[in-house]
*Asks:* 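For reference, the structure I am asking about is given below.
All residue numbers in this chain count up from 1 along the given sequence. What's counted below: heavy atoms across the whole structure, side chains too, no hydrogens, waters or symmetry copies. Order of listing sets the numbers, starting from 1, for every ligand and every atom in it.
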Amino acid sequence: MNALKSIALLDSGVGGLTVVKEIFKQLPNERIVYFGDTARMPYGPRPHQQVRGFAMQIIDFLQTQDIKLVIVACNSASAAGLSWYQENVVLPVIGVIEPGARAALEHTKTKRIGVIGTTGTIKSGAYDKAIKKLDPEVKVFSQECPLFVLIVENNLINARETKKVAEEYLGPLKESGIDVLILGCTHYPLLNEVIQEAVGPEVRLISSAEETAREAKEILINNDLLNSNSDNSTHHRFFVSASPKTFVEIGEKLIGMKVKAYQVIMP
Ligand code: DGL
């Protein structure tokens, strides 16, 4: 019975949908319930304690939705307190930082890894710690890119200024000799093209989505929670804390399916 429950994902907005896309690919039988805290995004500039409070409030809501696993599909919220959510929630909870670090280590040859993320994620040093725990010899070059989330949430991906902003943020990283760059914010894969252009074709971009979905699958298998029922009538649920309009527009393009999102006002 538990296997029929949903996988819950949360983010400050549309970013976590990059993880949803990968879940659909690797776990096609699973039903998801998603929460985008669009009224309170961006999380990046906020103090960790506040982000932790928001995330916990959302997890509490998601737990009323018949779920079996929580994916904190937001680097800022993961950096703000993944272990804290794990201690306070009975269900398994995973984040996106360790999967991203693992994926980067798999691909680096020079052991020079770049990380971009929100101010909160970069200042937390969460990626440095996760990478160095796995391989202390790696050199990590970090850069915060606070405007990227706003660019994505305001549907400005193709605006002329976006390219300039990317060049400004990523110029120094290009000079540092990195061979992989971790997109340490789930919004950033939506800017893949512009980021790739700014760092050059020889740098491999790493999104944690793929590795996170793999970890989710492993947890479901190990806990006998994998849904083996391939009934196509599965319906997914999307919730947002502000008006759903832009979320739906960006979301449908990203995951390639009709999205109906409901607004839930957060106190
Ligand atoms: N997708 C969130 C992350 O991965 C965005 C953070 C924000 O709202 O600033 O960090």
*Asks:* Would you say the side-chain atoms of Thr121 and Ser124 include a donor-acceptor pair closer than 3.5 Å?
*Replies:*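 There is no such pair between these side chains.
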*Asks:* Do any N or O atoms from the side chain of Ser76 and from the backbone of Cys185 form a donor-acceptor pair under 3.5 angstrom?
*Replies:* no
*Asks:* Side-chain donor-acceptor contacts of residues 15-27 below 3.5 Å, not counting sequence neighbours, with atom names and distances?
*Replies:*
from  : atom 1 : to     : atom 2 : distance (Å)
Thr18 : OG1    : Gly15  : O      : 2.7
Thr18 : OG1    : Thr186 : O      : 3.0
Glu22 : OE2    : Gln26  : NE2    : 3.1
Gln26 : OE1    : Arg214 : N      : 3.4
Gln26 : NE2    : Glu210 : O      : 3.0

*Asks:* So, using salt bridge (Lys or Arg N to Asp or Glu O under 4.0 Å) as the criterion, who are the partners of Glu168 when residues are at least two apart?
*Replies:* none
*Asks:* Show the protein residues that qualify under the rule heavy atom under 4.0 Å from an atom of ligand 1, listing them in chain and number order.
*Replies:* Asp11, Ser12, Pro42, Tyr43, Gly44, Cys74, Asn75, Ser76, Thr118, Val149, Cys185, Thr186, His187
*Asks:* Pairs in or reaching into residues 36-51: which pass side chain to side chain donor-acceptor pair (under 3.5 Å), with residues at least two apart or in two chains?
*Replies:*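 Checked against side chain to side chain donor-acceptor pair (under 3.5 Å) - neighbours excluded - the pairs reaching residues 36-51 are Asp37-Arg40, Asp37-Tyr43, Asp37-Ser241, Arg40-Gln57, Arg46-Gln50.
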*Asks:* Answer yes or no: is there an ion pair linking Asp179 with Arg112, defined by an N-O contact shorter than 4.0 Å?
*Replies:*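 Looking at Asp179 and Arg112, the cut-off is not met.
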